[in-house]
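Each remark here refers to the structure printed beneath this line.
One is the number of the first residue; the rest follow in order along the sequence. Order of listing sets the numbers, starting from 1, for every ligand and every atom in it.
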Amino acid sequence: MADDLFSPISFRDSTARNRVMVSPMCQYSSAGDGLATDWHRVHLGSRATGGAGIVMTEATAVEPRGRISPNDLGIWSDEHADALEPVARFIREQGALPAIQLAHAGRKASKSRPWAGSTPLQPDNGGWETVAPSADPWPYDSDPPRIREMTTDDIQTVVDAFGTAAQHSFDAGFEIAEVHAAHGYLLHEFLSPVANHRDDDYGGSFENRTRLVREITETVRTIWPDDKPVFVRISATDWLPNRESWTVEDSVRLADRLADVADLIDVSAGGLHPAQQIPSTGPNYQVPYAEQIREETDLSVGAVGGITEPAQADALIRNERADLAIVGREHLRDPYFTLHAAEKLDAEDRVEWPVQYRRAL
Ligand code: FNR
C-alpha cells in the first residue's frame, strides 16, 4: 500500500509517527540572551499534543550575533540547553520527535522583532555589528547596522559554533538537528553569488560557495549521534530570474553534495533579496522544487509553503512528491492540525488524542 500522511517514517533510528512536521517559526519571545520561556513550552508543546510527527523549534542562533532580533532563541551555552530541555522532553512525551533548527542570521541580524517594526538596531540601541560573506548590507529601507566581511577566522568560529550548538542541542534532548541554510541568512548568503563576492576558498565557484554549508553540515553530523538524523533547510531558488543567482539546478547539485551527511532536504525558497519575484504564494507554491530534488537525487525531501488542507498534505505523500508535509502558518491557526486532519481524512484510528482530552471525542 502507498504511504500516506499517517504512515510513520524513519530516518536512521528515529521514527516519526506521521508525515506532518511543524515548520520552524520564530516567536521572538526569548528571555534574556536567547533563553527559552514558558511561551516556547506552551507553543511547541501544544503542537506536539496536536498530533504532528515532528515539532521543530524556530531558528535557534548558534552565536549571539547570529540572532535576527535580541528576542530570538539561542543555543550557545549550557544555560540555553537547560532552558530548552523541558521543551524537548514535553514534545517527546507527547509522542512527537523534538527537532531544533540551528541558525545564523548573517546580514539579516540585528533587527527589532516584527511587532516593534523589524527595524535595524544599532549598537547604541540593543543591536550589534553583523557579519556576512561580503560587506553588502541587506538592502534595508534605511540605516542598516554596521556590517563586516567575514575573515577566515570568523568562518572557523561559525563552523565551531554550529558544532558546539549541536552538542548543546543533543544535551537538551533533541532528536533531529536541522541546519538553516535558507531565506537569505548567513549560509544562504554564502551559497548565492548575489550576496557572496569573495575571492578566497569560500567564494566564486559553485564548490567554493557551497563549502561552508558542506563544512557545517559535516561538523553537525560528526557531533550528532549516528542513529539520529540531520536535516538541511535550503532556499531552492533566489527567485531572481534575470541575474546570476542561486537556482533550482544549483540546489539539486548541493543536495547531491550533502547526500552523505544529510538525511532530508527541507525545501523552501527565496528570502535573499527584496527584488525577488515570487511566481505564486498559493497552495503548494514551493512543492515543485522539493519534487525536483527528490526526483533527481537519492535524498528524502520535505515540502513547505502553502500547505493548509489535510487532503492536500496527504496527496503530497501519496503521490510521492515529498516525504514530509511541512506546515507553518496553518499550525499557528490550528495547533491540532494533525488530529483534525485525521478526522477529515477518516483516519481517526491512526492518531491518538491526548488521554486528557478523550471525553471530548
Ligand atoms: C517563518 N518561517 C521560518 N522559516 C525558518 O526556516 N525558520 C524560522 O525561524 C522561520 N520563522 C518564521 C516565523 C513565522 C511567524 C512565519 C510565518 C514563518 C518560514 C516558515 O517556516 C515556512 O517556511 C513559511 O511560513 C511557508 O510555509 P507556510 O506558512 O505556507 O506553511
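Heavy-atom proximity to V304, at under 4.0 Å, picks out these atoms of ligand 1: 22 (C), 23 (O), 27 (O). Atoms of ligand 1 lying under 4.0 Å from at least one heavy atom of G305, given by number and element, are 26 (C), 27 (O), 30 (O). In the vicinity of R329, heavy-atom distances shorter than 4.0 Å reach the ligand 1 atoms 17 (C), 25 (O), 28 (P), 29 (O), 30 (O), 31 (O). Listed by atom number, the atoms of ligand 1 under 4.0 Å from S23 heavy atoms are 20 (C), 21 (O), 22 (C), 23 (O).
Not one N or O of Q286 is nearer than 3.5 Å to an N or O of ligand 1, by distance alone. Polar contact with ligand 1: absent for E330 (N/O pair, distance under 3.5 Å). Between E58 and ligand 1, a contact under 3.5 Å exists for no N or O pair. Taking any N or O of G328, backbone or side chain, at least one lies under 3.5 Å from an N or O belonging to ligand 1. Where the criterion is an N or O separation shorter than 3.5 Å, residue side chain and backbone included, P24 meets it with respect to ligand 1. Residue I307 has no N or O atom closer than 3.5 Å to an N or O atom of ligand 1. Distances between N or O atoms of L332 and those of ligand 1 include no value under 3.5 Å.
Summarising the hydrophobic clusters (Ile, Leu, Val, Met, Phe, Trp, Tyr; side-chain heavy atoms under 4.5 Å, direct or chained), the residues clustered with V194 are L240, L272.
By the 30° and 60° cut-offs, the orientation of the rings of F190 relative to Y202 is perpendicular.
Contacts with ligand 1 closer than 4.0 Å are made by no heavy atom of Y28, backbone or side chain. When heavy-atom distances to ligand 1 are checked against a 4.0 Å cut-off, H180 comes that close only through its side chain, counted from C-beta outward.
The single protein non-hydrogen atom nearest to atom 23 (O) of ligand 1 is R233 NH1, 3.1 Å, given as residue, atom name and distance. With respect to atom 13 (C) of ligand 1, the closest heavy atom belonging to the protein is C26 N, 3.3 Å.
Taking the side chain as every heavy atom from C-beta outward, D263 and R221 approach each other to under 4.5 Å.
Sequence neighbours left out, the pairs with a member in residues 335-356 that pass ring pair (Phe, Tyr, Trp, His ring centres under 6.0 Å) are H331-F337.
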